[in-house]
Number of protein chains: 2
Amino acid sequence: MSEVAATGISVLLVDDHPIVRQGYRRVLESQGDLHVVAEADNAADAYSAFKTHDPDVIVMDISMPGASGLEAIRNIRARSPRARILVFTMHNEAVLVKAAFNAGASGFVTKSSEPSAVVNAIRSVARGERAMSDDIAHILAEDSLSSGSALDQLGEREIEILRQFAGGATTEQIATQLNLSVKTVQNYHYLIKSKTGARTDAQLVRLAATCGLTRI
Amino acid sequence: MSEVAATGISVLLVDDHPIVRQGYRRVLESQGDLHVVAEADNAADAYSAFKTHDPDVIVMDISMPGASGLEAIRNIRARSPRARILVFTMHNEAVLVKAAFNAGASGFVTKSSEPSAVVNAIRSVARGERAMSDDIAHILAEDSLSSGSALDQLGEREIEILRQFAGGATTEQIATQLNLSVKTVQNYHYLIKSKTGARTDAQLVRLAATCGLTRI
DNA sequence: TGCAGCTCGGGCAAATTTCCCAACCCGGAT
DNA sequence: ATCCGGGTTGGGAAATTTGCCCGAGCTGCA
């Protein structure tokens, strides 16, 4: 960590949108102490880039095609427990935030945050601290008071599948993307409906939307 | 428009994520001929900024909280038909694309596109041309077999059934309510899907919501 | 060690979707 | 007046999905 203070903070950017990555890179590098040493647009590349470049912080959008972002966090942390991962996404649902921290993330910042908040979060994570943006803190605070939105009873996989479904994905698309059999996705679909009490796909979509799982 | 050629292309950036806006701004301004003259993070600010700065192109993410992005496009175009709006979003569903063009957008580019494709789209739109990224063109091409516009092509009965369905009603409830056989409602369901190009019930709900047919 | 809970899928009857089709009525064009 | 097109209403049959049951592997926890 001494060389961190001497040379600044090295960052690995993970996001599936190239222009978004390029934008982040410019914003971060204008700070002086932040250096983007590599980029990746999927979970597998992220891990190999991590091994190659050994960055101080991984800034990762968890809504990527292919493997779940949470899965990616778990994989990286399982192999390299010293990895510092800052989740940087537009999603702000309490269940997702908690799942991310449980998976091993060191920080969670929404894209609604001011750039200064983002770079400060990167610096905090690089120091080994836990970091989150103000809106996330508020959401977690409210969540700890009120017990139980409809989503709290859902597991991580169920939430991921619900989000993709509500986003308009077909059963086969979800199965392919998550590497599951169609039957399993169908079963999750049914399980989610019975857990939440939704009788109709439309009700499921509305539920997901009101819980902030998807935007319309 | 003569001053456009002399001074480059002025751009109004609309996106609800500040750091995303800042990233785009840097990417665009590194091009030399593109100048971001204003930013906005919601529909209302977007219109006032448009009136104040009179930009050549509005680059807009339509997935914003609050008012629908499509609504924003319609509002701006209704008041200022010469406005050029380039939709720039991560969504790539055919129904959304068609709805955006119907609302008056001049272009549609996904965030998966290369930065060069995005800036070229901005230049095309500034010249008054229609622009879209390759993936969008493919999606529209596949869809164009049974194409049409989003909701305008639906009859009264179809719209009524779509509204009730998107509101969460079951097929039997709709049939009872409208004094139709279940079979007829099922047929309408299928007909609406094929007319709008929606492949999923969830996409139907999203379409109904973005068109103001139902509130979530 | 054992229990509880999540994940993942098979099986199978019931229901729905997907597409075809035929009518009816009605307004407009010929 | 006649025909055509389109909205509306439903039948039929194959394909698919749903609803609900089941078991198996795994993990964390008591």
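Keep in mind that what you see is a predicted model, and the values were worked out from it rather than measured. By convention in this document, chain letters (A, B, ...) are assigned in the order of the sequence lines, proteins followed by strands, and residues within each chain are numbered from 1.
For the pair A/Tyr190 OH and D/dT18 C1', the interatomic distance rounds to 9 Å; values are reported in whole Å. Note: OH (A/Tyr188) to P (C/dG9) measures 9 Å, nearest angstrom. As rounded to whole Å, 4 Å separates atom P of C/dC8 from atom CZ of A/Arg157. Rounded to whole Å, the distance from CG on B/Leu154 to P on D/dG6 is 15 Å. Between B/Glu172 atom CD and C/dT16 atom C1' the separation is 10 Å, expressed in whole Å. Nucleotide C/dG9 holds its C1' atom 17 Å from the NE2 atom of A/His189, rounded to whole Å. Distance CD (A/Gln173) to P (D/dT17): 12 Å, rounded to an integer number of Å. Atoms CG (B/Leu178) and P (D/dG7) sit 18 Å apart, rounded to a whole Å.
In this structure, A/Thr184 reaches the C/dG9 phosphate: one of its side-chain N or O atoms is under 4.0 Å from OP1 or OP2.
Separation of the A/Phe88 and A/Tyr24 ring centroids falls under the 6.0 Å cut-off.
The residue B/Ser181 sits close only to the backbone: its heavy atoms come under 4.0 Å of sugar-phosphate atoms, none of a base. B/Glu160 comes within 4.0 angstrom of no nucleic acid atom, judged by non-hydrogen atoms across all strands.
Not a single donor-acceptor pair, N or O on each side, falls under 3.5 Å between the base of D/dG7 and the side chain of B/Lys195. Put simply, the side chain of A/Asn187 and the base of D/dG19 share no donor and acceptor less than 3.5 Å apart. No donor-acceptor contact under 3.5 Å links the side chain of B/Lys193 to the base of C/dT16.
Taken to the nearest 0.5 Å, the CZ atom of A/Arg84 stands 12.5 Å off from the CD1 atom of A/Ile9. Taking CE of B/Met60 as the reference point, atom CG of B/Leu12 lies at 7.0 Å (rounded to 0.5 Å). Here the CD1 atom belonging to A/Ile85 is positioned 4.5 Å from the CD1 atom belonging to A/Ile58, to the nearest 0.5 angstrom.
Of the candidate nucleotides C/dT7, D/dT9, D/dG11, D/dT9 has the atom lying nearest to any side-chain atom of B/Leu180.
B/Arg130 has its side chain within reach of B/Phe101: a pair of non-hydrogen atoms, C-beta onward, lies under 4.5 Å apart.
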